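Encoded as structure tokens, the structure appears first; notes follow it.
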Amino acid sequence: MRLRSAQWYDGQDRNAYIHRAWMRRGVPGSAFTGRPQIAIANTASDLTPCNAHLNEVAASVRDGVYEAGGVPLDLPVVSLGETQVRPTAMLWRNMAAMATEEMLRANPLDGVVLLGGCDKTIPALLMAAASVDLPAVVVPGGPMLTGTFRGRPLGCGTDVWRLSEEVRAGTLTAAEFTRSESSMIRSRGHCNTMGTASTMALVAEALGTVVPGVAGTPAPDSRLLEAAHGTGRLAVEMVAADRRPGTFLTKGSFHNAIVALAAVGGSTNAVVHLLAIAGRLGVDLTLDDFDRIGSRVPVLVDLQPAGRFLMDDLHRAGGLRAVLREVRDLLDPDALTVTGAPLVNSLEDAAVWDSEVIRPRGEPLVAEGGIAVLRGNLAPAGALIKPAAASARLLRHRGRALVFDSVEDFHARVDDPDLDVDADSVLVLRGCGPKGYPGMPEVANMPLPKKLLARGVRDMVRVCDGRMSGTAYGTVVLHVAPEAAAGGPLARVRTGDVIDLDVPARRLDVDVPSEELARRTADVATVAGFARPRRGWERLYVDHVTQADTGADLDFLIGSSGSRVSRESH
Ligand code: FES
């Protein structure tokens with residue numbers, strides 16, 4: 001098989017000379033004669049602290065690539081630190097994907113190892129790899145180790161919400177809250193709850209893009225480096241086998257990813273990411289597939305935010321393979337992985353070592369997990385709720401809407417002692433969708449009004465066109481589509497309208513006659529914060545981003561361009 005990189009390096013002409021000569025710098029000529037050129041797309045960055053250790057992982061990948069006869073090439077790519085990037089890392093996911101895709105295509109590469117960790121990094125890398133369609137395999141950077149504060153384990157992210165609510169409720173001092181900071185982040189690695197980073201690593205493995213058994217390995221664990229070495233070797237093998245995403249990622253692969261998402265009780269953010277990756281591959285995945293496939297899957301993993309344990313507990317208990325073995329009959333037996341073998345083949349020797357962390361199929365944490373897809377006159381294109389993270393008593397609820405037009409409006413009024421709100425109210429926050437914010441921030445899990453917290457209220461129904469952190473919990477309806485800023489009905493709701501949530505019936509409605517709702521003006525200009533950006537990425541993003549129900553990708557990035565460059569000579 002002639003390598004793609006041979007288009008740059010083969011021959012005696014001036015172009016081949018230039019391509020080789022500038023890469024020599026001590027590299028032997030044999031590097032350019034039939035050896036697969038493997039990029040290591042690396043999201044290591046000091047500003048993405050969850051991924052800062054990936055240079056060490058990359059070194060192990062390099063060793064593996066060399067050992068298998070390939071040539072490893074560092075390719076630093078756009079990195080997104082979830083806690084640092086403003087206004088929200090989601091605004092930049094598509095940019096990171098586009099930049100990575102273009103660099104993979106533009107360079108003399110035959111395959112790629114994708115190094116990610118923090119929330120958006122693995123999704124962006126997979127979107128890029130799917131569109132350029134070169135042999136690609138992910139090494140997830142792994143979660144951090146569990147920290148403790150006052151003898152109790154701290155769930156990174158989830159306990160930030162809990163502790164901050166305690167400060168607002170007056171049961172924890174601000175000084176104590178600050179003291180817990182350095183206990184929260186104990187080691188290298190990404191958040192250790194079942195947040196978006198953990199979810200996407202596990203889901204990427206179930207999808208087939210990670211060597212089975214690797215996702216969830218804690219970042220400081222030496223077995224991660226061993227896995228990185230093996231993955232480097234595999235990348236060379238994948239080039240020889242022409243094993244590209246387009247050749248092995250099918251609807252069945254996404255079916256398995258959804259089963260895994262439900263069984264681990266994963267983040268709602270996985271929905272927009274999987275829809276976007278599928279869109280790049282031309283796989284016909286819809287929002288309803290998440291409900292249809294995921295809702296009959298039991299939640300087996302007892303991890304925060306829905307449960308008790310943390311990611312290193314999951315790894316100790318047997319990891320994703322042990323979870324998937326419990327639900328093996330629900331998996332697509334034909335869906336393949338980067339190894340070339342079906343995912344189900346990798347489950348043979350998997351075992352559960354701690355049935356408190358990974359529950360037996362017959363004793364699940366939640367009998368029917370997954371993510372429920374709601375529709376109704378408030379969400380014609382769909383909205384999500386994660387029942388396992390919600391209060392059971394609120395899954396059927398009618399209450400008066402209290403509408404906030406923006407995050408700023410919410411913060412300005414939520415703690416007003418005169419706010420007309422009670423425990424049955426439904427908090428509505430709009431203007432937070434992909435276009436409205438822009439970037440669809442994780443604000444749907446609105447903090448509760450202070451005066452209700454003081455009365456002991458700990459959960460209320462909340463409705464938003466934005467997203468929710470995977471580390472958050474509560475009865476939160478999110479990803480409402482179309483969003484208010486795109487003229488969705490959420491823009492027509494008024495404070496005092498009665499909202500009807502019925503999760504078992506999969507409904508989200510506002511109890512306003514359709515004629516009255518139609519008469520009301522969906523004046524998006526009144527949704528504060530929405531103004532078409534004047535220039536730059538934000539302008540491109542707002543003009544082209546799709547709604548949450550189709551993955552919030554840019555409309556012109558959907559699909560694949562393959563690895564062929566548009567002009568091949570100069
Ligand atoms: Fe990076 Fe949570 S902030 S994974």
Side-chain angles (χ1 to χ4, degrees), residues 42-55 57 77-93 96 114-126 138-147 153-164 180-205 210 215-221 224 261 264-270 272-273 303-306 309-315 320 389 439-445 467-473:
N42 188 353
T43 53
S45 163
D46 287 339
L47 283 166
T48 308
C50 305
N51 296 13
H53 64 294
L54 289 179
N55 287 331
V57 177
V77 293
V78 175
S79 189
L80 300 171
E82 191 67 24
T83 52
Q84 312 306 106
V85 169
R86 289 184 175 181
T88 169
M90 186 62 176
L91 176 62
W92 315 109
R93 181 200 66 177
L114 308 165
L115 304 187
C118 198
D119 293 17
K120 306 298 176 294
T121 52
I122 288 178
L125 292 169
L126 280 174
V138 178
V139 180
M144 64 182 76
L145 300 175
T146 304
L154 277 184
C156 176
T158 301
D159 276 323
V160 179
W161 305 117
R162 183 178 60 78
L163 295 173
S164 66
S180 71
E181 255 175 37
S182 49
S183 307
M184 176 98 26
I185 309 300
R186 180 182 163 205
S187 75
R188 55 173 63 185
H190 62 66
C191 293
N192 57 7
T193 50
M194 191 54 76
T196 305
S198 303
T199 300
M200 288 312 302
L202 299 173
V203 159
E205 180 171 314
V210 178
T217 305
D221 194 313
L224 180 67
L261 175 64
V264 303
S267 161
T268 46
N269 282 324
V272 281
H273 298 323
L303 249 66
Q304 291 187 27
F309 297 101
L310 292 161
M311 281 299 284
D312 47 358
D313 298 309
L314 176 61
H315 191 249
L320 179 68
M440 208 181 172
E442 294 181 332
V443 294
N445 52 310
R467 295 177 302 120
M468 173 171 90
S469 164
T471 60
Y473 52 90

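All heavy atoms count here, side chains included; hydrogens, waters and symmetry mates do not. Each ligand, and each atom within it, is numbered from 1 in the order the structure gives. Everything numeric in this text was worked out from a predicted model, so none of it was measured.
Thr199 and Ser267 share no side-chain donor-acceptor pair at under 3.5 Å.
For Arg186, the salt bridge (charged side-chain N to carboxylate O under 4.0 Å, His left out) criterion is met by no residue, not counting sequence neighbours.
Remark: the backbone N or O of Met468 is not paired with any side-chain donor or acceptor of Asn445 at under 3.5 angstrom. At distances below 3.5 Å, at least one donor-acceptor pair connects side-chain atoms of Ser187 with backbone N or O atoms of Leu145. A distance-only check finds a donor-acceptor pair linking the side chain of Glu205 to the backbone of Ala215 [under 3.5 Å].
When side chains are defined from C-beta on, Thr43 counts as touching Leu125, because their heavy atoms get closer than 4.5 Å.
Distances from atom 2 (Fe) of ligand 1 under 2.8 Å pick out these protein N/O/S atoms: Cys191 SG.
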